[in-house]
Structure formats: C-alpha cells, structure tokens
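Down below is the structure, laid out as structure tokens.
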Amino acid sequence: MESASIQAATWFWLLIPMPLVVVLSFVNLFFKRGK
Amino acid sequence: MSAPTLTAFIFYLIVLMSIGVFFYLRTRNLSDYILGGRGLNPWVTALSAGASDMSGWLLLGLPGAMYAGGMNNIWIAVGLSVGAYLNWQFVAKRLRTYTEKASDAITLPDYLENRFNDTSRILRVISAVVILIFFTIYVSSGLVGGAILFEKTFGLNYQTALWIGSLVIVGYTFLGGFMAVSWTDFIQGTLMFFALLIVPMIAIQMVGSWDDVVAKAGKMDPEYLNAFSGMTLLGIISLMAWGLGYFGQPHILARFMAIKKPNEMPKAQVVGMTWMVLGLFGAIFTGFAGIAYFASSPLENSETVFIALVQALTNPWIGGILLAAILSAIMSTVDSQLLVCSSAIAEDFYKQILRKDAKRQELVWTGRFSVIVLALIATSLAANPDSKVLDLVAYAWGGFGASFGPVVILSLFWKRMTRNGTLVGMVVGAVTVIFWKNMSGGMFDLYEILPGFIFCAAAIIIVSLLGREPEPIVKEQFESIT
C-alpha cells in the first residue's frame, strides 16, 4: 500500500508540474493575444 | 573517433563559423555586437535562452544522475522548470521594456545604473566586476568539461581538444557577436532538442516498451521508481531551489532584453518552455531507459549514458550528429557567457567610464578584442583543470541567483526600491551564499541560494524603506513602464 502511494506520488511529481508550466505558457499566450 | 563522426563534427563546426562571418558583415555598432540591436525573433530568443542556460548538464549530468539513482533526481528538473516559467512569465517582458526605457540599457549593470539614476557608478562597477570574475571562471569550467569529455570519449589529447574548442567558440563569437551567438545557440538548441527526443525513443523501443523499461528498472531495484528514495525534505527543497537561480543569470536575461518586440514575449515563452520541458523529459527518459538497456553490462561512468546509447543504437553518421549535440550544449553556454564578459568590458568600463566619446567601430573592436583576451584567460585557466581557481564556479549559479535575482525582480516591480537598498542587497546575497556554502550540518545543508535569495530580498526592502524615497525622475520612469 505504502509503496503504491510512493510510486503514485513519484509519477505525479514527474508528470504533472513540468507539463503544467507549458500549459500555463499556452494559456498566457492565448490570453495576451485576446487582449 | 570514426571517420563519419569526425566528418559530421567538422561540417558542424564549419556551419558555426559561417554564421560568425555572416553576422560579422552585419555588425555596425556596440549594441549590435552585444545585444544584436534588439532584433531577435521569438524562436531564436527562446532557444538561445534555453541552450545557453542548459550546458552539458542536460545531455550528460541529468541522464547520468537518472541512470545512477533513478527517479529521486527529478526534483531539480521540476524546480528548474518552475523557475524558468516564472522568469518568462513575470520578468522577461517587463525587463525588455524597462531596459529600453532606462536610457536603452544594453547590459545588466547598465540597467541597474540607469534604473536608479546612480551617478556614483558604484552599482555598475560592482555588478560588472562580479560578472567578469565569475563568468570568466564559468567559461573556463565549461571548457574543462568539454575537453575532458572529448579526451575520455574519443581519445583526443586534453590540451588539443581544449584549444580547438576555444578557437571555434572564439572564432564565431569574435566575428559575429550576439547575433552569431544567438543563432548558433538556436541551431545548437534545435540539435539538442532532437537528440533528446530521438535517443530515448530508440532506447525504449529497443528494450520493448516504456512499461518494460519501468518493469525492468523496478526489478533491478525498486528504489529506482521512488522519487523520495534517500531524500529529506531539506534535500527536495534544495534541489527545487535551483529554479530561483534564473532571475539573476545575466546571460539568460540578455536574451529577454534582445527580443525585437516585447509583445512577442508570450510566443517566445511557449517555445522556450516547450523546448525546456521536452528536453528535460528527454534527458530523464534517456537515463532511465539506460538502466534497463545496460542492465546486463552496467556503465562504469554514469555520465556517459547518453553517449553509450548513441554509440550502441545509431549508425556512425547519425551518431556523429547526435554527439555534436553534446558539443552544442557546452558551446552554447560558453559563448553566451564569454559575450556577457565582453559586454562588461566594452560597455560598462570602456564606453561608460574610460572613453565616453569612443566611436562606434572602436567600441565594436573593443568588444571583439575583449572576447579574445577573456577567452585566452579562460583557456589558460582551463589548461590546468586541477586549478583551485576553478572551484569558484561552484558559487556561480547560486551567487548570481541570490545577489542579482531579488535585485532584478524588485527593481521591476517595486517603485520604492533605492540604490542603497540594491547595493546592500547584492552584497548580503553574495556574502550569504559564500558563508552558507562553507558551513555544513543541519539547516546549512540547504542549498545556499535559498537563504541568499531571502536575505538579499529582505536587505533590499529594509534598507530601501529606511532610506530616502527615490528621486521623482526615477519614480516617473518606473510609472511609465506598462
């Protein structure tokens, strides 16, 4: 159980924050274009 | 070195030199030479910022760390991505606009002097001296890394590799200045990007699938799949704190200052962040796939995992091009730092202090000869890789981040900031980094950039609030920035 949650946390930190900053950059681009 | 690999390398070096000659013919004044006359398009801005930032760490260090330790090395990649994002999002466009309004400042010391209307010149002199010392050593350390790599991997003589590498970098930087450096960075960044996409994809395919890679690595050691393995909270915070360094790196901030239109910054941000994140993933997956691929015959030196995979999986022609990506990663950082040093001499000392009435061509040639002199100093230092002077490079990323980072951010967003606050903040940030690095145990195990950054910001705020308000002209200029 504990090892499953550690692995889930590992994949979360690997796969969420980094792509998220790319998505936020795209959001910024479209927001600024709209303006 | 095989004939195809050597041919690919020579072709690549000729392309770089041609770019230098091309921009030599288009350089008319010092602004052209050290900031490209603020004429970069968003693609070149983005990739040159990324390539000059990442160095050999992206193709050697990070894959090597992943190969040796597994997922507990992701934290620095996460921290760097977030730091770079915040830098693009909040600093890039405003810095571009402000530097132009602040009497068309073309270097960071130039900006600081003009931002605070500092007639004493102390801000310019101190920041330029710090840049000169640390970037010369940074350049030297980059050259050492490149020469050792070529000595170990291809059996080249260390001194030969060092002087040939320096000659090529100096060649195109000397001739074409900022535009040559930025466009070569663009090509180098593109090469690094494709190398980091192709190599892990082939490696994973050779193992079977991504699931097979994960299963094989987990079977060898379950800790490979654990991002928290051997990590403390302080350790994770320290690795993520590397991202704070971005706000104070002069060679990266120079790219922001050089984009043609400030309104194109969001596009550059998208390109830059996509390049960076995919590149980091490529490096992470290269190292991780290496664990599975070399399971039966582990590598002696983990940092060669990218090279070993290229040599094992591709034909020598493709391999030559992919290995040129490593050379690119090293060169793109060294050339940018060399040019920042040159700008400190030509703009901050020669033009502003020594010869205010110097002619345009005289300034350009001052910049060019500074490149040669600095490269000679850096290469001579690198000729003895055991030199203690090179140990100073360990202070560079943290030192710039902690002493310039808060200064740049607060100068862009806080009207009440004063010159004295800036000066004290820079000194406090630098001293904290030096002090912290020389202590150990307990909280001193925290990466020095974090306390340095916090104390620098606190010092700026306290000293600024205790002193007199900035002059009306400084406040008016601040208010005119949109």
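None of the values given here were measured: they were computed from a predicted structure. Below, chain A is the first sequence line, B the second, and so on; all start at residue 1.
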Using heavy-atom distances under 4.5 Å, tell me whether [X] contacts chain A through its side chain, its backbone, both, or neither.
X      : value
B:I284 : side chain
B:V214 : side chain
B:A77  : both
B:W75  : side chain
B:L225 : both

Checklist line | More than 12 heavy atoms from other groups under 6.0 Å of CE on B:M231 | finding: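 Buried by this count: over 12 neighbours within 6.0 Å.
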Next item on the list: Return yes when atom CZ of B:F194 has more than 12 non-hydrogen atoms of other residues, nucleotides or ligands closer than 6.0 Å, and no otherwise.
Entry: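 No, not enclosed.
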Notebook entry, point to check: Going from CG on A:L14 to CG on B:N73, what distance comes out if it is rounded to the nearest 0.5 angstrom?
Noted result: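 Between atom CG of A:L14 and atom CG of B:N73 there are 11.5 Å.
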Next item on the list: Report the distance from atom CE of B:M273 to atom CG of A:L24, rounding to the nearest 0.5 Å.
Entry: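 Nearest 0.5 Å value for the CE-CG distance: 9.5 Å.
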Next item on the list: Ignoring hydrogens and angles, tell me if any N or O in the side chain of A:T10 forms a donor-acceptor pair with the backbone of B:A227 under 3.5 Å.
Entry: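 Indeed, once roles are kept as given, a pair shorter than 3.5 Å links the two residues.
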Checklist line | side chain to side chain contact (heavy atoms under 4.5 Å, CB included) between A:S25 and B:Y85, intermediate numbers included | finding: CA-CA 8 Å; A:S25 300; B:Y85 165 75; 3.6 Å; yes
Checklist line | chain B contact via A:L20 - side chain, backbone, both or neither, heavy atoms under 4.5 Å | finding: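 It is neither, since no heavy atom gets under 4.5 Å.
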Next item on the list: Of all the heavy-atom pairs spanning B:V78 and A:P17, show the shortest one and how long it is.
Entry: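 Answer, listing the atom of B:V78 first, then A:P17: CG1-CB, 3.9 Å.
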Next item on the list: Verify side chain to side chain contact (heavy atoms under 4.5 Å, CB included) between B:Q269 and A:N28, making sure each step is shown before the conclusion.
Entry: CA-CA 9 Å; B:Q269 177 180 346; A:N28 178 57; 3.1 Å; yes
Check: Would you call B:F281 and A:L15 a side-chain contact if the rule is heavy atoms closer than 4.5 Å?
Finding: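 They are in contact (side-chain heavy atoms under 4.5 Å apart), so the answer is yes.
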Note to self: Would you call the rings of B:W210 and A:W11 parallel, tilted or perpendicular, taking 30° and 60° as the class edges?
What the structure shows: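 It falls in the perpendicular class, over 60°.
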